[in-house]
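These notes are about the structure you will find just below.
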Number of protein chains: 2
Amino acid sequence: MFSKFLNLSKDKQDRIINAALREFALKGYQNASTNEIVKQAGISKGLLFHYFNNKKDLYLFLFDYFIEMLMEEIHAHIDWDQRDIFIKYRNVAILKFGLFQKYPNAFEFIKRVYPEDSSEVKPDLENRKKEFLNKGYKDLFGDIDLTPFKEGIDIEKAVNIIYWTMEGFAYRLQAQTASVPVSQIQLEDIIAELDVYSEMLRHSFYQ
Amino acid sequence: MFSKFLNLSKDKQDRIINAALREFALKGYQNASTNEIVKQAGISKGLLFHYFNNKKDLYLFLFDYFIEMLMEEIHAHIDWDQRDIFIKYRNVAILKFGLFQKYPNAFEFIKRVYPEDSSEVKPDLENRKKEFLNKGYKDLFGDIDLTPFKEGIDIEKAVNIIYWTMEGFAYRLQAQTASVPVSQIQLEDIIAELDVYSEMLRHSFYQ
DNA sequence: TCAGTATTGACCAATGCGGTCAAGAGAATT
DNA sequence: AATTCTCTTGACCGCATTGGTCAATACTGA
């Protein structure tokens with residue numbers, strides 16, 4: 001189906017993918033403009049429609065492409081026997097960081113798929129969403145080890161605080177990253193800072 | 001300037017304001033459609049342009065309207081001598097909840113004003129933003145009492161965790177609220193739950 | 001030189017945009 | 001009942017942009 005596109009040079013593929021991701025992430029399906037995409041990608045109008053034969057197919061291709069990539073990355077890097085919530089979040093953070101370097105708008109894109117309600121793509125999305133997204137996260141954080149938590153603590157709320165802290169940290173990082181060349185950002189520094197937060201929360205909620 | 005509009009019935013004012021807020025919050029200045037606004041508000045096209053003579057004026061009116069309302073609410077309900085971070089967040093939460101009931105899209109709208117880069121409104125926004133928004137938040141949380149924090153703790157990070165927890169809680173609440181009639185939501189229940197989070201974090205980070 | 005593929009961008013009909021305005025609807029005044 | 005006045009309508013305007021097409025060109029390797 002998209003084999004013609006996948007035979008392009010990696011560089012050109014990424015330019016097109018990033019331009020399209022950005023546009024859809026920014027404006028949603030309906031208001032995204034294919035003209036804007038080709039302009040940002042530095043290709044001609046005809047080429048885009050040569051590879052993806054219409055706007056809808058392009059959109060769904062992006063979705064499938066990233067779900068598949070996310071799945072692969074997860075299965076390649078996550079230790080499924082690990083049940084400690086902090087270590088799991090740490091691994092997920094590393095993974096997300098790698099993907100974010102390559103495709104800065106992928107997470108924004110995925111986030112906007114949820115509330116997408118354009119009738120043109122909604123039915124196709126519904127099937128895909130149920131199949132993958134919810135399941136993915138539940139598999140990851142469904143069987144956390146609860147035994148190390150302090151007695152008497154409200155574990156559900158503690159888990160929420162941990163989640164919000166990790167998300168807040170990632171979100172702030174994302175905002176900073178937007179204004180700084182990606183190459184200058186050191187994964188080690190970020191993980192080190194994240195570990196401090198982990199340690200504080202571990203100290204708060206673990207025995 | 002907008003006296004004609006402000007003489008309308010409160011109900012009609014709110015319908016128009018909410019429709020416009022929602023549209024601008026969802027799509028940003030450039031992609032927001034006045035046709036969509038009048039459709040959602042249940043008024044005719046001509047009427048909107050009768051009250052606000054063009055799109056730009058409508059947008060800036062909304063901004064000014066909410067900044068002013070926010071300021072008034074803050075000055076009416078915030079105890080400026082209070083320096084405890086948890087009590088301050090509690091008060092802000094109560095305040096935000098009240099506003100959110102009336103104008104569910106106001107905060108999304110304000111949030112989208114920051115990165116707004118449409119050349120048509122940018123110059124007008126720059127002046128207003130500097131004057132109000134940053135200042136507002138800094139005044140609120142600029143002189144937190146740091147003495148109750150445990151010795152040896154990284155206070156900056158602790159404050160971040162508190163902030164992310166409060167934001168995360170508010171965000172999740174907002175998502176829930178979207179699918180439930182507003183009248184059924186009890187402020188007391190929400191504050192009670194928020195107090196549990198506060199207590200957990202207070203116990204973690206205070207002496 | 002030539003066949004075959006990759007790429008271009010002017011062009012199309014359709015849609016939606018911000019904004020206008022003559023005319024209608026309703027209420028108040030005479 | 002007639003008149004005046006304000007509120008409100010929605011068809012209409014010129015224009016920009018949309019998703020998508022396709023004949024023409026550039027590029028490639030033989």
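A, B, ... follow the sequence lines: proteins, then strands. Residue 1 opens every chain. Heavy atoms only: backbone and side chains are in, while hydrogens, waters and symmetry mates are out.
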key: Nearest-Å distance for atom pair CD/P, residues A:Gln30 and D:dT17   = 18 Å

query = Do A:Phe61 and A:Phe5 have their ring centres less than 6.0 Å from each other?
reply = yes

query = Is the distance from OP1 or OP2 of D:dT18 to the nearest side-chain N or O of A:Lys45 less than 4.0 Å?
reply = no

remark   = Here the distance between atom C1' of D:dT17 and atom CD1 of A:Ile37, to the nearest Å, is 14 Å

inquiry  = Students often get this wrong, so: under 4.0 angstrom with heavy atoms, is A:Lys12 touching a base, only sugar-phosphate, or nothing?
reply    = sugar-phosphate

task = Check the distance between C:dT8's P and A:Ile43's CD1 and give it to me in whole angstrom.
result = 7 Å

inquiry  = Rounded to whole Å, please give me the gap between CG in A:Asn35 and P in C:dC17.
reply    = 16 Å

key: Under 4.0 angstrom between B:Tyr51 side-chain N/O and D:dC7 OP1 or OP2   = no

task = Go through D:dG19, C:dG18, D:dT9 for me and flag the one nearest to the B:Ser33 side chain.
result = C:dG18

query = Between A:Thr34 and A:Gly46, which has a closest nucleotide on DNA chain D that is more 5'?
reply = A:Thr34

ask   = Between B:Arg83 and B:Asp143, is there a donor-acceptor pair closer than 3.5 Å when you use the side chain of the first and the backbone of the second?
value = yes

key: Value in whole Å for how far the C1' atom of C:dT7 lies from CD1 of A:Ile16   = 11 Å

query = Could you state the NZ-P distance from A:Lys4 to C:dG4, rounded to the nearest angstrom?
reply = 17 Å

Whole-Å distance separating the OH atom of B:Tyr29 from the C1' atom of C:dG18 = 9 Å

message = Can you work out whether B:Ser44 or A:Asn53 has the more 5'-proximal nearest nucleotide on DNA chain D?
response = B:Ser44

key: Plane angle bin for A:Phe86 and A:Tyr206 - parallel if under 30°, tilted between 30 and 60°, otherwise perpendicular   = perpendicular

Side chain of B:His50 (C-beta onward), nearest among D:dT8, D:dT9, D:dG19 = D:dT8

request  = Just call it for B:Leu8: base, sugar-phosphate, or nothing, with non-hydrogen atoms closer than 4.0 Å on any strand.
outcome  = sugar-phosphate

query = D:dT8, D:dG19, C:dT7: which one has an atom nearest the side-chain heavy atoms of B:Leu47?
reply = D:dT8

Residues A:Asp14, A:Tyr103; criterion side chain to side chain donor-acceptor pair (under 3.5 Å); working and verdict = CA-CA 8 Å; A:Asp14 281 352; A:Tyr103 303 105; 2.9 Å; yes

inquiry  = Once you measure the plane-to-plane angle for B:Trp80 and B:His75, does it fall in the parallel (<30°), tilted (30-60°) or perpendicular (>60°) bin?
reply    = tilted

key: Value in whole Å for how far the P atom of D:dG20 lies from CG of A:Asn54   = 5 Å

